[in-house]
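Heads up, the thing below is written out as structure tokens.
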Amino acid sequence: MANTQAMCTSFKTEILSGIHALGTTVIRAGTGADTLKAALYLASATVNAATTAYSVTGEVSGAGYSAGGVTATNATAPTSTGTTAYWTPSASFTYTNVTLTTSFDCVLVYNSTQSNKAISAHTFGAQTITAGTFVLSMPTNDSTNALIRIA
């Protein structure tokens, strides 16, 4: 199987249930915004719309990489334009001084505050890295480019 870029189907249901709090403010009974993380997955993994939660199965491993990935900087409030709501983390996902010699091509964004529930999978060209920094730059936070868009 292969990784496939998609908003996780379970996330679509969970946002209607008020489970996730993206951004800087919280309306539900929580006391703060949820912590989102970004984990990298091997090209041989199967991360896609059916993924419901973060798992170590198929996740990369190597020097300098911590299981679970990096914490997303969540300082941007969700917003909308016209009929599209959107949100993008306020900083790139940066994996510093890592050695990942097995090909990887996917990042899973998930909510570690809410039982590691999956949000979205994003694919890119297969990568390896040796003693370097891997950066996934975030797109412009607008209704046509944001990382998460609901139209």
Between the main-chain N or O of [Y] and the side-chain N or O of [X], is there a donor-acceptor pair closer than 3.5 Å?
X      : Y      : result
Thr35  : Ser112 : no
Tyr95  : Tyr65  : no
Thr123 : Thr4   : no

I would like to know whether Ile150 and Met7 meet side chain to side chain contact (heavy atoms under 4.5 Å, CB included); could you show each step before the answer?
CA-CA 9 Å; Ile150 302 169; Met7 184 179 302; 3.9 Å; yes
Criterion side chain to side chain contact (heavy atoms under 4.5 Å, CB included) on Thr94 and Val70, from CA distance to verdict:
CA-CA 7 Å; Thr94 303; Val70 296; over 6 Å; no
Scan Leu147, Asp142, Thr76 and name whichever one has a side-chain contact (heavy atoms from CB on, under 4.5 Å) with Thr88.
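Result: among Leu147, Asp142, Thr76, Leu147 is the only option passing the side-chain contact (heavy atoms from CB on, under 4.5 Å) with Thr88.
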As a test of understanding, state which of Val107, Leu40, Leu108 forms a side-chain contact (heavy atoms from CB on, under 4.5 Å) with Val47.
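Of the listed residues Val107, Leu40, Leu108, the side-chain contact (heavy atoms from CB on, under 4.5 Å) partner of Val47 is Leu108.
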Using every non-hydrogen atom in the two residues, find where [X] and [Y] come nearest and quote the distance to one decimal.
X      : Y      : answer
Tyr41  : Thr57  : CE2-O, 3.4 Å
Gln114 : Asp34  : CG-OD2, 3.5 Å
Ala151 : Thr84  : CB-OG1, 3.8 Å
Ser115 : Ala53  : O-CB, 4.5 Å
Tyr110 : Ala39  : CE2-CB, 4.0 Å
Ser92  : Ser137 : OG-CA, 3.3 Å

Examine Val109 and Leu42 and state if one hydrophobic cluster contains both, with Ile, Leu, Val, Met, Phe, Trp and Tyr joined whenever side-chain heavy atoms are less than 4.5 Å apart.
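They do share one cluster, since a chain of ILVMFWY contacts under 4.5 Å joins Val109 to Leu42.
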With rounding to the nearest 0.5 Å, note down the distance linking OG1 in Thr99 to CD1 in Ile129.
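Here the rounded value is 8.0 Å.
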Gap separating the NE2 atom of His122 from the CG atom of Asn3, nearest 0.5 angstrom
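So the NE2 of His122 and the CG of Asn3 are separated by 12.0 Å.
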Begin with the C-alpha distance, continue with both residues' side-chain angles, and end with the deciding distance and a verdict on side chain to side chain contact (heavy atoms under 4.5 Å, CB included) for Met138 and Phe93.
CA-CA 8 Å; Met138 291 299 104; Phe93 300 149; 3.6 Å; yes
State, with a plain yes or no, whether a side-chain heavy atom of Asn111 is found less than 4.5 Å away from one of Ile119.
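Touching, per the 4.5 Å side-chain cut-off.
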Would you say the ring centers of Phe124 and Phe134 fall short of 6.0 Å from each other?
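Yes, close enough.
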Run the side chain to side chain contact (heavy atoms under 4.5 Å, CB included) check on Tyr86 and Asn145 step by step: do they pass?
CA-CA 9 Å; Tyr86 55 91; Asn145 298 297; over 6 Å; no
